[in-house]
Amino acid sequence: MHMKHKPAINVEATEQPAYPQVRMRRLRSKGWLRDMVQEHHVRASDLIWPAFITEGMNTREPVPSMPGVERLSIDQLLEDIKRAADLDIRAFALFPVTPTEKKTMDGREALNPGNLICRAIQAIKKELPDVGIITDVALDPYTTHGHDGLMNDGKILNDETLEVLCKQSLIQSQAGADIIAPSDMMDGRVGQIRRTLDQNGFNDTAILSYAVKYASCFYGPFRDAVGSSGFLKGDKKTYQMNPANAAEALREVALDIKEGADMVMVKPGLPYLDIIKSVKDTFNVPTFAYQVSGEYAMLRAAAANGWLDYDAALAESLLAFKRAGCDGILSYGAVDYARFLQKP
Ligand code: PBG
């Protein structure tokens, strides 16, 4: 059992002094003192910046439902990663936008070693060998139906999909990915991917499992960004989790750890802080959260109306993840936050 936080003192049941000897405001009275007793911190290096990649050169396409986020061609991506790395952002999660003509029922472009994501990984590793690259394993950017797995008769096939995910993981590792992040929610994929990587000499390629991924409406802007929203038939409720369930999250994490996940993720983030906390308290493994596109869009929309201070709201939300027990956080605001930290 993880016991990072000691049990709270029951003030009434002890001989502890209370008011007026105790004044909780004493330690809040000065800025330096508040900083000195601060329990949690968010460093730039705790953050992972998710980026959208598109074909072409010198291309930056704004994503309307995610103000401040752009789809970047590989050359532009390199520029942005360089700038982010200078602000001490160390790891990047890459998401490709697949041109419509390359989408198929079986998503076979996912297995093309010359596809956009593999070219992006190779370019980054060549120019910026020290940055960490995390790649998404799932078929949704590549399928005409927008689902994460193979589909037959309206059903998402589990075991048939696993084979494809293993091959997808392998070509991403061969291209140079450091961390494979399966986001598909098929049963058994972590174990099979681990075996495939090990059999092919990629023992040091880590797995960050999207262990607890809910069927959430907060992914809407992401699907706009990767251009899968117009394609998605139905919903993902037969494989992503029901937002009403908490105990089930712990079963998912237990299975993924057993199958060899090095790190686990909860997604979405802020609406699921209770889940993050119980995952961390129960398993004490490296725990990540994804502050997803809809969460980012809410912050940006409120700020655009003058209703919230974007930097302050972003910083406070990132702190909440740390308080709940996160080691790292994927956030579209990662670079904004890192820049904000450097302000005097
Ligand atoms: C797809 C994937 C999704 C996200 C990350 N990987 C969307 C989905 O499951 O439909 C969402 C991320 C976000 O909303 O920012 N496998």
Side-chain angles (χ1 to χ4, degrees), residues 47-53 63-71 92-98 103 107 109-110 117 134-151 156 158 161-162 164-165 168-169 172 177 179-186 189-190 193 207-243 252 264-272 288-301 314 317-318 321 328-335:
L47 303 179
I48 295 158
W49 187 52
F52 299 111
I53 326 162
V63 179
S65 52
M66 300 179 74
V69 171
E70 295 167 314
R71 302 182 194 101
F92 301 86
L94 305 180
F95 296 96
V97 178
T98 308
K103 293 186 196 251
E109 177 65 5
I117 184 94
I134 303 172
T135 52
D136 199 71
V137 168
L139 299 182
D140 57 315
Y142 309 100
T143 52
T144 39
H145 45 75
H147 280 288
D148 295 29
L150 298 173
M151 192 167 90
I156 306 306
N158 195 88
T161 300
L162 294 185
V164 187
L165 298 176
Q168 186 183 19
S169 304
Q172 292 176 352
I179 300 176
I180 298 296
S183 71
D184 54 283
M185 288 298 277
M186 298 299 121
R189 88 273 211 221
V190 171
I193 291 171
I207 297 179
L208 166 59
S209 165
Y210 285 69
V212 184
K213 182 172 179 181
Y214 286 95
S216 171
C217 67
F218 288 100
Y219 308 148
F222 173 96
R223 292 176 191 165
D224 295 341
V226 296
S228 68
S229 39
F231 291 89
L232 182 60
K233 309 243 186 325
D235 57 48
K236 300 191 177 183
K237 290 179 185 171
T238 68
Y239 47 107
Q240 298 180 348
M241 277 182 56
N242 181 347
E252 282 283 6
V264 296
M265 194 199 297
V266 174
K267 179 184 174 185
L270 225 45
Y272 295 84
F288 290 71
Y290 199 143
Q291 182 175 43
V292 299
S293 56
E295 300 177 66
Y296 173 82
M298 290 197 296
L299 288 180
R300 281 292 191 189
L314 175 66
S317 67
L318 295 175
F321 287 106
I329 308 148
L330 287 90
S331 172
Y332 298 99
V335 179

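For the numbers below, each heavy atom of this structure counts, side chains included, while hydrogens, waters and symmetry mates do not. Both counts, for ligands and for their atoms, begin at 1 and track the order of listing. Because the structure is a prediction, the values reported are computed rather than measured.
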Which residue holds the protein heavy atom closest to [atom], what is that atom called, and what is the gap in Å?
atom: atom 8 (C) of ligand 1; value: Lys236 NZ, 3.3 Å
atom: atom 14 (O) of ligand 1; value: Ser293 OG, 2.7 Å
atom: atom 12 (C) of ligand 1; value: Phe222 CD1, 3.3 Å
atom: atom 9 (O) of ligand 1; value: Lys213 NZ, 2.8 Å
atom: atom 11 (C) of ligand 1; value: Lys267 NZ, 2.9 Å
atom: atom 16 (N) of ligand 1; value: Ser183 OG, 2.7 Å
atom: atom 1 (C) of ligand 1; value: Asp140 OD2, 2.8 Å

Phe231 six-ring centre to Lys103 NZ/CZ under 6.0 Å and within 45° of normal: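 Checked: cation-pi criterion met.
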Is NZ or CZ of Lys213 both nearer than 6.0 Å to the six-membered ring centre of Tyr290 and within 45° of the ring axis? no
Would you mind running through ligand 1 and noting each atom that sits below 4.0 Å from a heavy atom of [X]?
X: Arg223; answer: 8 (C), 10 (O)
X: Tyr290; answer: 12 (C), 15 (O)
X: Ala138; answer: 16 (N)
X: Asp148; answer: 1 (C), 16 (N)
X: Asp136; answer: 6 (N), 16 (N)

Within the side chain of Arg300, is there an N or O that forms a donor-acceptor pair under 3.5 Å with the backbone of Pro67?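 At least one qualifying donor-acceptor pair exists.
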If you define the side chain from C-beta out and look only at heavy atoms, does anything of Met298 sit under 4.5 Å from Phe218?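 Met298 vs Phe218: side chains touch.
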State, with a plain yes or no, whether a side-chain heavy atom of Tyr296 is found less than 4.5 Å away from one of Pro221.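 They are not in side-chain contact.
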Run the side-chain hydrogen bond (donor to acceptor under 3.5 Å, both in side chains) check on Asp184 and Tyr210 step by step: do they pass? CA-CA 8 Å; Asp184 54 283; Tyr210 285 69; over 6 Å; no
Charged N-O contact under 4.0 Å between Lys236 and Asp140: yes
Does Tyr332 have a heavy atom less than 4.0 Å from any atom of ligand 1?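 So Tyr332 counts as touching ligand 1.
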Yes or no: does Gln240 have any heavy atom under 4.0 Å from an atom of ligand 1?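 Gln240: in contact with ligand 1 (<4.0 Å).
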Atom NZ of Lys233: over 12 foreign heavy atoms under 6.0 Å: yes
Does Ser216 form a side-chain hydrogen bond (donor to acceptor under 3.5 Å, both in side chains) with Gln240? I'd like the steps, not just the answer. CA-CA 8 Å; Ser216 171; Gln240 298 180 348; over 6 Å; no
